[in-house]
Each structure stands twice: as structure tokens, then as C-alpha cells.
Amino acid sequence: MVIADSTVTNTTAIALLATVAIKGKAPKTGYDRTANFGAAWLDVDRNGCDTRNDILARDLLTSVKEGTCTVLHGSFFEPYTGQNLNFLRGNTTSALIQIDHLVALSNAWQTGAQQLSSAQRISFANDPLNLLAVDGRSNSQKGDGDTATWLPSNKAFRCDYVSRQVSVKATYGLWVTQAEHDAMVRVLTGCPDALALTSSFAPAPVVVVPAPAPPPAPAPAPAPAPPTVTYKNCSEARAAGAAPIGAGQPGYSKNLDRDGDGVACDD
């Protein structure tokens, strides 16, 4: 199932999860952040601001900007730790607050995003539904983990976190692994009324039909038989630069092997 509308849904996250396919992870072969999902960060919605500044402006409760886009500093309630944190733009401070993909890009690559178009993957990487301003240390600890391997230390946020992950995977037609599914169910069982979210940002995923396999290559032609070589005598073999001649080599014959030791013209 793929969420198609851009309105708030009345579907619960746990009910939506039941529609998401369960499969094993595809190989990570070919994964490249920029090549697969675009550079960080783009202005996909064409509002004049890149995605990072859009999310900072959305998530910071108080913020000061330079111009219309660049967020210089602000404060917010950080969801992963449950702490009040400050953001300050600078060479050594900007990375303390990071923009997290709730469904990591490499996880998406291994759970269906390889079948999306380039435009759809770029939308995925910049979709506000899949992005949160968070504590940089928590984001580093999470890495590309899914629900089965990482959850926010702030337990009060776990229902919202998993609900958004389910919503993202449904929106983009991605699948979950069995372990991921089971971990999501454990969280959402504690909040069965948590609602799934929708995104008007995402283009509808397309169904990719795999190209037919190429026909098998024709079997190689058998190698031609080596030419028959004969020498009238050892003098002729030596003149041809073939002496001495071991048994099984072209030109060997018992007539030339006077002492019968398997090597002709060796005297």
C-alpha cells in the first residue's frame, strides 16, 4: 500500500504497518549517498532555502536567521533525548545539531529505494516527513539502524518515531525486515491509537518491471586441433629448433627416440 493523498489520515500506524511488505534486506551494492539520493542539502521544494535550513526553521522553537533562509541560532526541545538544546551555527557547533533521516538512506536503499526513480529518491532524502532536527551524538549512534537496532533514549518519543518511520516506508513503497516489523509492533502496541502521517512532498512511487534477462551467450566454438608435426629425423627437428622433443609434444615419435627414454633427439 502507498499513501496517495496529502491530507491527515485516520489510519493508525499499526494498521498501516500491516500493509507494508516484509522482506529481507537487498544487498547494499551500489549505494552512494550523492549518486543515489542527491547532494545534501537541496532546495527540492523551490522555496529558495535548502532542506537543512527548512528543517531547522521548522523544528527550532525560537530561531534567528540571516536573510530569509540561513538559521544562525535557536533553541528547541530535542526529541531523541528529551532535553532542551540550543543550535548555534559555526564551524565547530553546527554539527552538534543534525538533520536525521528517520528512515536512513542506506536502509531505504536496501528496502526498495533501488526501484525508485532518481527524482523519487531525491524527494525521499529531502521529505520533511522523514526529517528531524536532533542531537548530533544520538544521530551518530543511530547510524543507519532501523527500529530493531536503535530507538531514541527518550521513551516518550518512541511512538511518534516509529509512527513516522512506518508512514515514510508506506509513502515510498518500501518494505521492512521481519526483525524491524516485530520491533515496530512492540512499540506501537503500547500506543495503538497513534496515527500514521502523510506527505504531499512525495511523488507516487512507480512499479519497476525488471528488464528481461539477456539470452545466454552462445557456446564458444571448439578450439581447432593442433597441426600434425612430423620430422624425418633428428637433424630436421634440430633445424626447426624443436629438439629435444618430449613424449606427447608435437613431432615426437618413437623412431626418433632411439634410447626409448621418452625424450627424442636429446643426444
note = Taken to the nearest 0.5 Å, the spacing of Asp146 CG from Leu102 CG works out to 12.5 Å
key: Test log, rule side-chain contact (heavy atoms from CB on, under 4.5 Å), inputs Asp135 and Asn139   = CA-CA 6 Å; Asp135 167 54; Asn139 192 32; over 6 Å; no
query = Can you pull the disulfide bond (SG atoms under 2.5 Å apart) pairs that have at least one residue in residues 77-117, sequence neighbours excluded?
reply = none
message = Give me the atom names and distance for the closest heavy-atom approach of Ala113 to Leu174.
response = N-CD2, 3.5 Å
ask   = For the residue pair Ala183 and Ala148, what are the closest heavy atoms and their distance?
value = CB-CA, 3.7 Å
request  = In sequence, state the C-alpha distance, the side-chain angles, and the governing distance for Thr177 and Lys23, and then conclude on side-chain contact (heavy atoms from CB on, under 4.5 Å).
outcome  = CA-CA 5 Å; Thr177 66; Lys23 301 181 185 179; over 6 Å; no
ask   = In Å and rounded to the nearest 0.5 Å, what is the CD to CD1 distance from Glu180 to Ile22?
value = 9.5 Å
ask   = Does one hydrophobic cluster hold both Trp175 and Leu129, with members joined at side-chain heavy-atom distances below 4.5 Å?
value = no
query = Any donor and acceptor pair, going by atom type alone, linking the side chain of Thr93 with main-chain N or O of Leu88 inside 3.5 Å?
reply = yes
With sequence neighbours excluded, residues passing side chain to side chain donor-acceptor pair (under 3.5 Å) with Arg89 = Asn53
remark   = Closest non-hydrogen atoms of Ala133 and Ile97, given as atom of the first, atom of the second and distance, are CB-CG2, 4.3 Å
inquiry  = Could you measure the distance from the OG1 atom of Thr149 to the NZ atom of Lys142? Nearest 0.5 Å is fine.
reply    = 9.0 Å
request  = Establish, from distance only, whether the side-chain atoms of Ser117 and Gln120 form a donor-acceptor pair under 3.5 Å.
outcome  = yes
message = Same cluster or not: Leu72 versus Leu56, using hydrophobic residues (I, L, V, M, F, W, Y) connected whenever any side-chain heavy atoms lie under 4.5 Å apart?
response = no
task = Taking the side chain as every heavy atom from C-beta outward, state whether Ile122 and Phe37 have any atom pair closer than 4.5 Å.
result = no
query = In Å and rounded to the nearest 0.5 Å, what is the CG to OG1 distance from Leu197 to Thr11?
reply = 11.0 Å
query = How would you list all residue pairs meeting disulfide bond (SG atoms under 2.5 Å apart) that involve residues 93-164, not counting sequence neighbours?
reply = Cys159-Cys191
query = Can you list every ring-ring contact (aromatic ring centres under 6.0 Å, His included) pair that touches residues 41-73, not counting sequence neighbours?
reply = Trp41-His101
key: Test log, rule side-chain contact (heavy atoms from CB on, under 4.5 Å), inputs Gln98 and Ser138   = CA-CA 9 Å; Gln98 300 177 7; Ser138 297; over 6 Å; no
note = For Thr51, the side chain to side chain donor-acceptor pair (under 3.5 Å) test, sequence neighbours excluded, returns Asn126
message = Thr12: which residues meet the side chain to side chain donor-acceptor pair (under 3.5 Å) condition with it, sequence neighbours left out?
response = none
request  = Please check if Phe87 and Val134 belong to a single hydrophobic cluster, counting links between Ile, Leu, Val, Met, Phe, Trp and Tyr side chain heavy atoms closer than 4.5 Å.
outcome  = no
request  = Could you tell me whether the side chain of Lys28 reaches within less than 4.5 Å of the side chain of Ser106, counting heavy atoms only?
outcome  = yes
request  = Show the numbers, then the answer: is there a side-chain hydrogen bond (donor to acceptor under 3.5 Å, both in side chains) between Glu78 and Thr81?
outcome  = CA-CA 6 Å; Glu78 197 283 323; Thr81 63; 2.6 Å; yes
inquiry  = For residues Leu131 and Leu42: do they belong to one hydrophobic cluster (side chain heavy atoms under 4.5 Å, members Ile, Leu, Val, Met, Phe, Trp, Tyr)?
reply    = no
inquiry  = Taking salt bridge (charged side-chain N to carboxylate O under 4.0 Å, His left out) as the cut-off, I'd like each qualifying pair that reaches into residues 30-45, sequence neighbours left out, listed once.
reply    = none
ask   = Between Tyr161 and Asn154, does any side-chain donor sit less than 3.5 Å from a side-chain acceptor?
value = no
task = Check Gly30 against Asn36 and note the closest heavy-atom contact, atom names and distance.
result = O-OD1, 3.2 Å
request  = Sort and list the pairs that fulfil disulfide bond (SG atoms under 2.5 Å apart) and have at least one residue in residues 97-133, not counting sequence neighbours.
outcome  = none
ask   = Under a 4.5 Å cut-off applied to non-hydrogen side-chain atoms, are Ile55 and Pro128 in contact?
value = yes
remark   = Of all heavy-atom pairs linking Ser163 and Ala194, the shortest is OG-CB, 3.5 Å
message = Looking only at side-chain N and O atoms, does Asn130 offer a donor or acceptor that is under 3.5 Å from a partner on Tyr172?
response = no
ask   = Does any non-hydrogen side-chain atom of Arg52 lie less than 4.5 Å from one of Ser94?
value = yes
query = Going by distance alone, is a donor N or O of one side chain under 3.5 Å from an acceptor N or O of the other, for Asp127 and Ser199?
reply = yes
query = How would you list, by chain and number, every residue that makes a side chain to side chain donor-acceptor pair (under 3.5 Å) with Asn107, sequence neighbours excluded?
reply = Lys169
key: Between Thr62 and Ser75, a side-chain donor and acceptor under 3.5 Å   = yes
Candidate pair Val176 and Thr111, rule side-chain contact (heavy atoms from CB on, under 4.5 Å), full reasoning = CA-CA 7 Å; Val176 293; Thr111 58; over 6 Å; no
task = Check step by step if ring pair (Phe, Tyr, Trp, His ring centres under 6.0 Å) holds for Trp109 and Phe124.
result = CA-CA 11 Å; Trp109 182 252; Phe124 176 90; over 10 Å; no
message = The criterion is ring-ring contact (aromatic ring centres under 6.0 Å, His included); which residues satisfy it with Phe157, sequence neighbours excluded?
response = none
key: Phe76 CZ to Leu85 CG distance, which is reported to the nearest 0.5 Å   = 5.5 Å
message = Going by side chain to side chain donor-acceptor pair (under 3.5 Å), name the pairs with one or both residues in residues 181-195, residues two or more places apart or in two chains.
response = Gln178-Asp182
inquiry  = Quick check: closest heavy atoms across Ala13 and Val166, and the distance to 0.1 Å?
reply    = O-CG1, 3.6 Å
key: same_hphob_cluster(Leu151, Leu132) at 4.5 Å side-chain heavy-atom cutoff   = yes
ask   = Rounded to the nearest 0.5 Å, how far does CG of Asn86 lie from CG of Leu60?
value = 9.5 Å
request  = Could you note down all residue pairs passing disulfide bond (SG atoms under 2.5 Å apart) where residues 17-107 supplies at least one of them, sequence neighbours left out?
outcome  = Cys49-Cys69
